[in-house]
Amino acid sequence: MPEGHTVHRVARHFRDEFVGHKVTVISPQGRFSQGAQTLDGLTIVDATAVGKQLFVTFEHGWVLRVHLGIYGAWTFISRARHHSMGAPRASREEGMNESEVADFPPEPVGQVRVRIATDDVVADLRGPTACEVITEEDAQAIRDTLGPDPLVHSPAKGLKRFRERMAGTKTPVALALMNQNIVAGIGNVYRAEILFRHRLDPYAPANSLPDDVIDALWKDWTKLLKDGVKTGVMRTRSDLTAAQRTRSLRNPRIRYYVYKRQGKACRVCHMPVAIAEMASRKLYYCPHCQVEPVGRISA
DNA sequence: TCACAATGAACAA
DNA sequence: TGTTCCTTGTGAC
């Protein structure tokens with residue numbers, strides 16, 4: 001699933017391959033037929049990401065807003081390449097052989113909500129939580145509501161907004177980091193990993209964190225996001241050698257401190273990593289490294 | 001074959 | 001807090 005880094009990569013891909021091109025837009029699945037009709041034949045003028053939201057701007061002021069949710073994914077197919085961005089689609093990413101790519105454009109496979117195509121490239125969208133045509137004004141309203149994104153807002157402005165919104169809630173920091181209106185782009189993986197990197201108790205109220213911790217969180221998220229956009233991979237460990245770090249691009253097993261590592265030895269203290277349910281999402285953390293020595297009274 | 005998980009969020013109550 | 005939606009791959013039978 002697609003956390004913020006993925007959506008920024010998708011936006012960049014749209015800028016590289018689609019901006020300035022007149023495109024055909026169809027909905028093979030049929031669930032976006034009306035929107036497709038509105039956009040079909042128009043030229044794409046821009047594509048940007050804010051957090052997990054993708055905004056593809058067409059001429060005449062129409063904006064295609066896409067949110068991948070948990071399952072959504074874009075598949076890009078050109079005459080030369082084929083790759084996916086979004087929820088894991090392992091077998092697909094490796095799939096295509098030359099003869100299939102040579103057959104261009106290919107028949108849509110599965111539930112393709114929308115296909116956007118130039119003469120050379122096809123973008124297929126499957127399983128999004130949101131896919132709608134809105135006006136530029138609507139898009140701006142959404143951007144204003146969202147928390148700061150380090151790749152959209154300046155460091156000063158982003159941090160200011162992050163500070164304000166964290167100070168405004170006593171919700172557990174683990175929930176606050178997932179709240180897209182407090183900070184945009186962090187999902188369940190980055191959330192768990194960032195909390196560990198700062199040895200923070202997931203249950204600590206957001207507004208109880210000292211200023212220097214808030215600042216460090218923002219700086220760290222900025223750094224992690226940039227690396228994620230560059231590599232396409234959520235690499236969150238700072239205790240690896242350069243060689244291991246490179247290996248972690250391909251090997252998810254060594255990629256994280258705590259995410260999906262419940263019961264395994266903490267990379268730092270070797271005590272078992274814990275898992276908990278928070279707002280019906282899984283929360284991974286190390287009780288020994290992250291929770292106050294006195295311990296938290298579990299509900 | 002089938003239940004279920006998965007990097008998410010809107011909505012009702 | 002609980003329910004619902006979206007899609008696909010996996011792993012248990």
* On a whole-Å scale, what distance lies between the P atoms belonging to B:dA5 and C:dC13? -> 14 Å
* **Heavy-atom donor-acceptor pair, A:Arg65 side chain to A:Ala130 backbone, under 3.5 Å** => no
* Sidechain N-carboxylate O distance under 4.0 Å for A:Arg79, A:Asp120 -> yes
* Find out if a path of hydrophobic residues (ILVMFWY) with successive side-chain heavy-atom gaps under 4.5 Å connects A:Tyr285 to A:Leu175. => yes
With a 3.5 Å cut-off and sequence neighbours excluded, list the donor-acceptor pairs that the side chains of residues 10-25 of chain A form with protein atoms.
| unit_1 | atom_1 | unit_2 | atom_2 | d |
| --- | --- | --- | --- | --- |
| A:Arg15 | NH1 | A:Ala47 | O | 2.8 |
| A:Glu17 | OE2 | A:Arg81 | NH2 | 3.2 |

If you restrict it to nitrogen or oxygen atoms, what contacts under 3.5 Å exist between nucleotides 9-13 of chain B and the protein, and what is each distance?
| unit_1 | atom_1 | unit_2 | atom_2 | d |
| --- | --- | --- | --- | --- |
| B:dA9 | OP1 | A:His67 | NE2 | 3.4 |
| B:dA9 | OP2 | A:Lys52 | NZ | 3.3 |

* Enumerate the residues from residues 28-35 of chain A whose closest heavy atom to DNA chain B is under 4.0 Å, giving them by residue number; use none for an empty result. => none
* Between B:dA9 and C:dG9, how far is it from one P atom to the other, in whole Å? -> 23 Å
* Asked: How is A:Tyr190 classified with respect to the nucleic acid when contacts are heavy atoms under 4.0 Å: base, sugar-phosphate, or nothing?
  -> nothing
* Tell me, with the steps shown, if A:Arg197 and A:Glu193 meet salt bridge (Lys or Arg N to Asp or Glu O under 4.0 Å). => CA-CA 6 Å; A:Arg197 286 165 65 86; A:Glu193 296 294 294; over 6 Å; no
* After noting the C-alpha distance and the side-chain angles of A:Asp239 and A:Arg267, does the key distance pass the salt bridge (Lys or Arg N to Asp or Glu O under 4.0 Å) rule? -> CA-CA 9 Å; A:Asp239 62 335; A:Arg267 311 264 191 210; 6.0 Å; no
* Asked: Is the phosphate of C:dC6, meaning OP1 or OP2, less than 4.0 Å from a side-chain N or O of A:Arg126?
  -> no
* Should A:Lys260 be listed as having a side-chain N or O under 4.0 Å from OP1 or OP2 of B:dA6? -> yes
* Structure fact -> The Watson-Crick or G-U wobble partner of B:dA13, with both key distances under 3.5 Å, is none
* Asked: Side chain of A:Arg126, backbone of A:Tyr71: donor and acceptor closer than 3.5 Å?
  -> no
* Are side-chain N/O atoms of A:Gln140 and A:Arg143 paired as donor and acceptor at under 3.5 Å? -> yes
* Structure fact -> Rounded to whole Å, OH of A:Tyr256 lies from P of B:dA6 at a distance of 13 Å
* Between B:dA5 (P) and A:Tyr259 (OH): distance, integer Å -> 13 Å
* To do: Let me know the distance between CD1 of A:Ile70 and P of B:dG8, rounded to the nearest Å.
  => 6 Å
* Structure fact -> Rounded to whole Å, the CG-C1' distance (A:Asn188 to B:dA6) equals 10 Å
* Rounded C1' spacing from C:dC6 to B:dT1 in Å -> 22 Å
* Mind calculating the distance between CD1 (A:Ile275) and P (B:dA5) to the nearest angstrom? => 11 Å
* Structure fact -> To the nearest angstrom, the CG-C1' distance between A:Leu175 and B:dG8 comes to 14 Å
* When the ring centroid of A:Tyr190 is compared with that of A:His5, is the distance short of 6.0 Å? -> yes
* Asked: How far, in whole Å, is C:dC5 from B:dA13 if one measures between their P atoms?
  -> 14 Å
* Structure fact -> Between CZ of A:Arg65 and P of C:dC6 the distance, given in whole Å, is 15 Å
* Protein-nucleotide distance (A:Leu177, atom CG; B:dG8, atom C1'), rounded to Å -> 16 Å
* Do A:Val66 and A:Val56 touch side chain to side chain, with heavy atoms closer than 4.5 Å? -> no
